[in-house]
Amino acid sequence: MANPLRYEVLTLYKNLLYLGKEYPKGADYFRTRLKAAFVKNKDVRDPEKIKELIARGEFVIKELEALYYLRKYRALKQRYYEDDDK
Amino acid sequence: MAAAGLRAMVGVKRVIDYAVKVRVKPDKTGVVTDGVKHSMNPFCEIAVEEAVRLKEKKLISEVVAVSCGPQQCQETIRTALAMGADRGLHVEVPAKDYENLSPFHVSKILAALVKKEGVNLLLLGKQAIDDDCNQTGQMTAAFLDWPQGTFASEVTVDGDWLKVEREVDGGLETVRLKLPAVVTADLRLNEPRYATLPNIMKAKKKKIEVVKPSDLGVDLTPRVKTLSVEDPPQRQAGVKVETVDDLVAKLKESGRI
């Protein structure tokens, strides 16, 4: 009965949840939206469609990592390299 | 010495997270650290990333991550391991002593560890975002009597030599260092990877060895006394003006025009 992709979906959810802890608008804000996104697609049964959704989730992971990196980089640049771009 | 025989040590510091608003303790002895989010110093992340990239290019064979401080530092070491370091070394300094631990002591500890482990490249962040000392790398190089490449924005290994591009005032300086050497990372050296959950889990299998400063023969007697820690001056509130004439009058009053 268990879907072979179940494990992958759960891993994706866990990874996103972990990344969300650092979300600028707060972990709670992120978690509610993350959950809503997964619940919205809970009835998807087509394996191809599920794979597509997992790929989308992995893309979001990449985007979040980039967001966090840039946010940190900018904060440090502002604090330590004030006069650079004048 | 073949390049593949290079082994690197990376110093990582656990600091208050960059995004947290730092508060000064009411008794002015320091800043509030209890219940505050901590993470790895961003410049240390850059140093770890550089070591891991060199390892991925097969230019170095092992990366050891070191941190000095209380028990919680192991989380920071774990992050370094998740980013790709091979093993960890935790120099356990009790919280009471850690308050007075200065770059002088840390550099002595690092120098002793480098000798003990026999590594030939020490990578550090140029400074920590909590005390902003920018001294550890320089002092460690002095204790070891090794060449140093500080504020590195590019590092290339060339046999027994290291080419380091340094960020200096108004430009870049390229230096060539004979290995073994100390390198401290500047902001533009690389883009550190994110320590993902699966990698943190995998990192739990990697070893973290715990050592005491006394085992390394380092005396932690404080050399510097903190007299008082205070908030930076508050920004003065501005004033609103109704018309252009008011604005001009105000500016004249304050001597701007």
Side-chain angles (χ1 to χ4, degrees), chain A residues 4-35 37-38 50-51 53-86, chain B residues 13 15-22 36-49 75 78-79 82-83 125-134 150-151 153 166-172 184-204 232:
Chain A
L5 289 169
R6 185 184 150 83
Y7 179 74
E8 274 182 55
V9 174
L10 281 174
T11 313
L12 178 69
Y13 187 76
K14 275 187 206 165
N15 288 345
L16 278 163
L17 199 58
Y18 177 78
L19 269 170
K21 283 188 197 167
E22 253 188 78
Y23 199 69
K25 277 191 168 174
D28 289 335
Y29 177 93
F30 186 87
R31 199 184 52 230
T32 43
R33 271 151 191 80
L34 174 66
K35 191 161 181 184
F38 273 72
I50 296 177
K51 275 183 193 153
L53 288 166
I54 291 174
R56 188 177 149 66
E58 265 148 20
F59 173 74
V60 172
I61 289 183
K62 288 274 166 290
E63 290 273 284
L64 280 172
E65 284 175 9
L67 167 75
Y68 295 161
Y69 166 71
L70 274 174
R71 188 165 170 256
K72 193 181 280 182
Y73 180 86
R74 284 201 193 117
L76 287 173
K77 198 164 173 327
Q78 270 173 13
R79 282 180 209 171
Y80 293 103
Y81 302 84
E82 252 178 299
D83 313 312
D84 273 18
D85 292 326
K86 275 191 186 152
Chain B
K13 185 174 183 182
V15 298
I16 295 178
D17 191 79
Y18 80 98
V20 171
K21 174 105 180 67
V22 176
V36 171
K37 187 187 173 201
H38 282 68
S39 53
M40 191 196 292
N41 175 34
F43 291 108
C44 298
E45 280 181 351
I46 297 171
V48 174
E49 175 68 28
E75 288 161 31
R78 197 73 68 195
T79 312
M83 287 172 77
K126 67 159 182 169
Q127 70 189 65
I129 60 165
D130 53 356
D131 55 18
D132 284 329
C133 279
N134 186 347
T150 48
F151 314 114
S153 65
R166 304 180 56 230
E167 297 215 8
V168 291
D169 284 347
L172 295 169
T184 69
D186 210 323
L187 188 61
R188 293 176 188 84
L189 182 58
N190 57 42
E191 299 168 13
R193 67 195 68 185
Y194 198 84
T196 57
L197 184 61
N199 284 343
I200 295 226
M201 289 308 180
K202 278 182 218 152
K204 290 196 175 169

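In what follows, every chain begins at residue 1, and chains take the letters A, B, ... in the order their sequences are listed. Below, all heavy atoms of this structure are taken into account, side chains as well, without hydrogens, waters or symmetry copies.
Residues A:Y18 and B:T196 form no side-chain contact, since every pair of their non-hydrogen atoms from C-beta on lies 4.5 Å or further apart. At least one side-chain heavy atom of B:K37 sits under 4.5 Å from a side-chain heavy atom of A:E22. The shortest side-chain heavy-atom distance between B:E191 and A:Y73 does not fall under the 4.5 Å cut-off.
Of the atoms belonging to A:Y80, it is side-chain heavy atoms, and not backbone ones, that fall under 4.5 Å from chain B. Within the 4.5 angstrom heavy-atom criterion, no atom of B:D17 approaches chain A. With a 4.5 Å cut-off on non-hydrogen atoms, A:R71 touches chain B through its backbone and its side chain both. The contact between B:I200 and chain A is made entirely by side chain atoms (from C-beta outward), counting heavy-atom distances below 4.5 Å.
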Evaluate A:Y81 against B:E167 for side chain to side chain donor-acceptor pair (under 3.5 Å), listing each step before the verdict.
CA-CA 11 Å; A:Y81 302 84; B:E167 297 215 8; 5.3 Å; no
Verdict with reasoning, A:L19 to B:Y194, per side chain to side chain contact (heavy atoms under 4.5 Å, CB included):
CA-CA 10 Å; A:L19 269 170; B:Y194 198 84; 3.3 Å; yes
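Within a 6.0 Å radius of CZ in A:R79, more than 12 heavy atoms belonging to other residues, nucleotides or ligands are found.
Checked for salt-bridge contact, B:E45 and A:K72 meet the test: a charged N lies under 4.0 Å from a carboxylate O.
Atom CZ in B:R188 sits 11.0 Å away from atom CG in A:L76 (nearest 0.5 Å).
For the pair B:N190 and A:Y69, the tightest heavy-atom approach, listed with the atom from each and the gap, is O-OH, 4.0 Å.
Contacts with chain B were tallied for A:N15, A:L17, A:I61, A:T11; A:N15 has the most, counting heavy-atom pairs under 4.5 Å.
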